[in-house]
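Accompanying notes for the structure given below.
Counting starts at 1 for both ligands and their atoms, following the listed order. Hydrogens, waters and symmetry mates are skipped; everything else that's a heavy atom, side chains included, is used.
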Amino acid sequence: MDLSRFPRRRYTQGATPLEFLPHFTKALRATCLEGKSPNVWIKRDDMLGLTPGGNKTRKLEFLVADALAKGADTLITCGAPQSNHCRATLSASIKEGMKCRFVIEERLPHSYREDASGNNFLFRLMGVEAITVVPAGTNMLEAMQKVAGDLAKEGRKGYIVPGGGSNAIGGLGYVACAQELQQQFFEQGVQIDKIVVGSGSSGTHGGLLAGFLGNHIHIPIIGIGVSRDPADQDPLVHQEAQAVADLLGLGITVPREAVVSHGDWWRPKYSVPNQAMVEAVQMLARTEAILLDPVYTGKIMAGLIGLARKGVFGKDENVLFIHTGGASSLHAYEAEVLGLKELSA
Ligand SMILES: *Cc1c(COP(=O)(O)O)cnc(C)c1O
């Protein structure tokens with residue numbers, strides 16, 4: 001499939017590694033039913049470019065190219081207080097010599113603290129131009145449009161990057177990832193049986209699915225919800241995959257049954273730690289020296305571990321975990337991930 005017709009900036013050199021996780025696979029096997037434990041592989045999208053990488057980098061390559069084509073001088077986006085997406089967007093704006101403004105939604109009251117560690121610290125270090133903090137439930141698009149209006153009054157031009165970078169253009173980033181994976185499977189002689197990926201604002205899950213359909217890759221994709229149960233999440237992913245497929249001109253209807261997600265690992269709330277996340281973060285750090293994060297990848301890996309223990313994967317199936325990044329928020333949750341705080345299961 002030809003992606004070269006879509007404008008794209010490059011923030012990463014080459015492909016991110018596709019690797020087998022030998023020690024993690026062995027540790028997981030010791031806790032699974034006999035003969036039901038998968039071989040776990042990882043796609044290191046935490047090693048993408050920008051400061052540091054993660055899945056938002058792939059989406060921003062296409063979104064920022066669009067912003068530049070439209071003559072924008074400022075990127076406007078939104079997210080939660082520890083948003084990786086805001087941090088990556090700020091980083092892209094700096095690389096392009098643009099300015100950047102955020103609207104931060106306090107999904108938990110008083111959860112935004114200017115002096116917080118993790119991504120908040122990076123917002124300040126990299127010099128975000130302005131942050132508007134709004135309460136949970138605010139219409140984020142309207143809030144960002146207001147910022148764009150303020151800029152227009154000064155003769156500037158803002159470009160609104162949607163939450164998580166998840167629209168049809170952003171989803172192209174994960175179509176590019178699907179093509180990168182296809183090439184790596186071929187070159188490395190790897191046969192993957194199932195893929196586990198995080199499912200939030202849905203550009204990653206939906207974009208990957210559209211990319212698989214467009215490239216005739218028939219590996220099932222299992223989404224792990226980070227903020228919603230399947231009844232709410234799956235329609236979002238389906239809509240995103242369809243929008244990306246339409247932008248690509250695939251001329252297909254995305255089959256509803258191709259969208260699969262699980263909602264058992266995100267509670268008690270989006271971004272609030274749980275015990276299964278702590279186990280996953282510690283396990284990958286201690287077996288492979290790879291850092292997950294408390295908000296997304298820790299819960300997503302907890303999903304992979306949980307599904308493995310339920311016997312969902314066949315013996316020696318090759319399961320690929322897409323590492324979508326996020327470790328820069330770890331320092332805002334040190335006591336939690338070290339197991340020093342009482343958490344829900
Ligand atoms: C944003 C994010 C996700 C979720 O990806 P979506 O495309 O929003 O579904 C997963 N992992 C990390 C680390 C993220 O920052």
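- To the nearest 0.5 Å, atoms CG (Leu21) and NE2 (His323) are separated by 10.0 Å.
- Within the 4.5 Å cutoff, the side chain of Asp73 has no heavy atoms near those of the Lys99 side chain.
- Per-residue contacts place Gly326 under 4.0 angstrom from the following atoms of ligand 1 (heavy atoms of the residue considered): 13 (C).
- Here the OG atom belonging to Ser37 is positioned 12.0 Å from the NZ atom belonging to Lys26, to the nearest 0.5 angstrom.
- Close contacts between ligand 1 and Asn84 involve ligand atoms 13 (C), 14 (C), 15 (O) [criterion: under 4.0 Å to a heavy atom].
- For the atom pair Leu75 CG and Cys100 SG, the distance stands at 5.5 Å (nearest 0.5 Å).
- Counting heavy atoms from C-beta outward, Lys59 and His85 have side chains that stay 4.5 Å or more apart.
- Between the CG atom in Leu292 and the CG atom in Asp46 there is a gap of 8.5 Å [rounded to 0.5 Å].
- Looking at atom 4 (C) of ligand 1, its nearest protein heavy atom turns out to be Asn55 ND2, 3.7 Å.
- Residue Ser199 has no N or O atom closer than 3.5 Å to an N or O atom of ligand 1.
- Polar contact check, Thr297 against ligand 1: no nitrogen or oxygen pair lies under 3.5 Å apart.
- Here Leu209 contributes atom CG and Gln242 contributes atom CD; the two are 10.0 Å apart, rounded to the nearest 0.5 Å.
- In terms of protein heavy-atom proximity, atom 8 (O) of ligand 1 is closest to Ser201 OG, 2.5 Å.
- Each of Val161, Leu172, Leu68 was evaluated against Leu63; a single residue qualifies, Val161, per the side chain to side chain contact (heavy atoms under 4.5 Å, CB included) test.
- Within ligand 1, counting atoms from 1 as listed, the ones closer than 4.0 Å to a heavy atom of Lys59 are 6 (P), 7 (O), 8 (O).
- Those atoms of ligand 1 that come under 4.0 Å of a heavy atom in Gly203, given as number and element, are 7 (O).
- Ligand-side atoms of ligand 1 in range of Thr204: 5 (O), 6 (P), 7 (O), range being under 4.0 angstrom from any heavy atom.
- Each of the atoms 6 (P), 7 (O), 8 (O), 9 (O) of ligand 1 lies under 4.0 Å from some heavy atom of Ser202.
- The shortest N or O to N or O distance between Asp293 and ligand 1 is not under 3.5 Å.
- Every atom of ligand 1 with a heavy atom of Thr324 under 4.0 Å away is listed here by number and element: 10 (C), 11 (N), 12 (C), 13 (C).
- Residues Leu141 and Gln145 have side chains in contact (heavy-atom distance under 4.5 Å, counting atoms from C-beta outward).
- In terms of polar-atom proximity, Gly200 is counted as a contact of ligand 1, with an N or O under 3.5 Å from an N or O of the ligand.
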